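The structure under discussion appears below in the form of structure tokens.
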There are 2 protein chains.
Amino acid sequence: MLELAVLGLLHESPLHGYELRQRLKATLGTFRAFSYGSLYPTLRRMRDAGWIAEDEGDAEVVAGAPALTGRRGKVVYKLTAEGKEKLAELLAEAGPSAWEDETFGVHFTLFAQTDPEVRVRILEGRRSRLEERREGVRATLARTRARLDSYTLQLQEHGLESVDREVRWLTELIETERKNTPARSTGTTSKKAARP
Amino acid sequence: MLELAVLGLLHESPLHGYELRQRLKATLGTFRAFSYGSLYPTLRRMRDAGWIAEDEGDAEVVAGAPALTGRRGKVVYKLTAEGKEKLAELLAEAGPSAWEDETFGVHFTLFAQTDPEVRVRILEGRRSRLEERREGVRATLARTRARLDSYTLQLQEHGLESVDREVRWLTELIETERKNTPARSTGTTSKKAARP
DNA sequence: TTCGTCATGTAATGGGTTACATGATTAC
DNA sequence: GTAATCATGTAACCCATTACATGACGAA
């Protein structure tokens with residue numbers, strides 16, 4: 001999760017940890033906030049895995065007498081070739097790992113870097129996930145409504161409305177996507193439609 | 001969290017683990033779902049802590065030849081005196097532990113068992129928490145809007161609208177609470193207003 | 001008799017958080 | 001010179017999840 005977000009951000013430009021976190025806040029907004037306590041260990045793991053590397057094209061480090069400090073300054077990371085591969089791989093995923101609650105937001109913020117077909121499949125996946133959940137809740141609610149106190153009931157209803165709202169939002173997004181992407185048959189035939 | 005939910009449910013009636021989980025789903029709806037893998041260990045811990053105990057007023061256990069099985073059937077739990085105390089203590093909390101994202105839903109479902117003043121303070125706490133977050137996001141958004149791609153932007157806006165919506169919902173709830181609870185001065189003066 | 005669902009539980013793991021510690025840089 | 005904020009990092013912990021294993025019981 002964090003890994004994908006980091007790969008996505010570093011794909012645009014090299015960044016150091018602190019800045020990375022600001023960007024994360026800026027792009028994810030209300031949806032998620034990572035702490036340094038998870039960011040730095042993650043960066044380390046990613047570096048060990050070879051997905052990112054310290055950017056030496058940093059310059060402006062010096063001009064006088066640096067280097068003495070045994071590493072105490074910004075550590076700017078950039079994507080490696082493996083990192084780019086990994087990112088592409090993660091962005092191509094169009095399964096539950098892309099549309100569950102915790103992950104969807106991150107995938108969505110990277111939609112600009114995502115294949116249009118994958119985008120639609122993720123949006124649709126999330127929508128049916130939500131619809132499923134909604135029906136489940138509606139069903140149990142129908143069975144138990146009488147037994148629930150008014151507070152619990154209000155929470156349920158507010159929850160259902162939230163889900164409804166997100167479903168509508170997704171539907172609009174899907175339509176927009178479809179309008180921008182020429183019609184395409186679903187299934188095995190994967191003929192690439194040419195742009196006029 | 002799970003503990004509070006369990007205490008709250010058991011306060012209404014004794015239940016066994018499996019049923020507890022169904023009830024949890026029924027009351028929390030869209031907000032949360034706990035797995036058995038966390039429920040059973042939690043029940044065990046709570047039993048060890050003395051908050052709950054196996055209910056022997058179970059009856060219907062027998063009628064023939066049970067007991068031989070070294071414990072393989074429903075294990076019905078009920079609140080102990082300590083459990084009730086603990087529940088009361090948790091329900092009296094009106095701090096962040098009651099209005100953060102992960103916890104608010106559970107506290108809300110137990111509002112019927114919660115002191116009216118505490119209810120209002122929790123609702124207000126959650127509201128200002130959300131307003132704070134909203135302002136934070138709005139601020140960074142204002143700073144960074146230009147740099148963000150349209151997908152990220154749409155996510156931000158959808159997020160902000162969701163928060164707005166919840167704020168309005170909370171405001172309504174607070175007003176309703178205030179209407180039902182006679183006016184009360186905030187601060188040190190804690191004169192109990194008499195009901196007409 | 002076998003399938004679904006009720007029912008209880010464990011082990012391994014995950015993905016983060018909080019709190020803390022430390023130091024560099026900038027603005028006043 | 002001192003406070004704020006930029007910047008990096010670690011250790012301890014938390015609260016859950018997934019996957020698995022087991023078994024009882026009712027209905028078809």
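Only a predicted model underlies this, so the values are computations on that prediction, with no experimental measurement involved. Residue numbers start from 1 in every chain, and the chains themselves are labelled A, B, ... in the order their sequence lines are given, proteins ahead of strands.
Rounding to whole angstrom units, CD of residue A:E54 and C1' of D:dG9 are separated by 13 Å. Regarding B:D48, its CG atom lies at a distance of 12 Å from the P atom of C:dG9, rounded to whole Å. Atom CG of B:L2 is separated from atom P of D:dC15 by 10 Å (rounded to the nearest Å). Distance CZ (A:R45) to C1' (D:dG9): 14 Å, rounded to an integer number of Å. One atom, CZ of A:F34, and another, C1' of C:dT17, lie 12 Å apart when rounded to the nearest Å. Atom CE of A:M1 is separated from atom P of D:dT17 by 17 Å (rounded to the nearest Å).
Under the salt bridge (charged side-chain N to carboxylate O under 4.0 Å, His left out) criterion, A:R147 pairs with no residue, sequence neighbours left out. Under the salt bridge (charged side-chain N to carboxylate O under 4.0 Å, His left out) criterion, A:R44 pairs with A:D48, sequence neighbours left out. B:R32 meets the salt bridge (charged side-chain N to carboxylate O under 4.0 Å, His left out) test with no other residue; sequence neighbours excluded. In this view, A:T171 and A:R127 satisfy the side-chain hydrogen bond (donor to acceptor under 3.5 Å, both in side chains) rule, not counting sequence neighbours. Judged as a side-chain hydrogen bond (donor to acceptor under 3.5 Å, both in side chains), and not counting sequence neighbours, A:E135 has no contacts. Annotation: salt bridge (charged side-chain N to carboxylate O under 4.0 Å, His left out) contacts of B:R119 (sequence neighbours excluded): B:E177.
Candidate nucleotides C:dT8, D:dA16, D:dT8 were compared by shortest atom distance to the side chain of B:V75, and C:dT8 ranks first.
Within the structure, salt bridge (charged side-chain N to carboxylate O under 4.0 Å, His left out) pairs that include any residue of residues 149-159 of chain A comprise A:R145-A:E157 (at least two apart or interchain). Applying the salt bridge (charged side-chain N to carboxylate O under 4.0 Å, His left out) test to pairs two or more places apart or on separate chains, those with a residue in residues 91-104 of chain A are A:E100-A:R129, A:D101-A:R126, A:D101-A:R133. Here salt bridge (charged side-chain N to carboxylate O under 4.0 Å, His left out) pairs that include residues 3-13 of chain B, with residues two or more places apart or in two chains, are B:E3-B:R45.
Residues of residues 35-44 of chain A having a heavy atom closer than 4.0 Å to DNA chain C, listed by number: A:S35, A:G37, A:S38. For the contact set between residues 7-32 of chain A and DNA chain D, defined by any heavy atom under 4.0 Å, the members are A:H16, A:G17, A:Y18. Near DNA chain C, meaning a heavy atom under 4.0 Å from it, residues 89-108 of chain B has no residue at all.
Across all non-hydrogen atoms, the minimal contact from B:G8 to B:Q113 is O-NE2, 3.3 Å.
The pair A:K86-A:E89 counts as a salt bridge, with a side-chain nitrogen and a carboxylate oxygen less than 4.0 angstrom apart.
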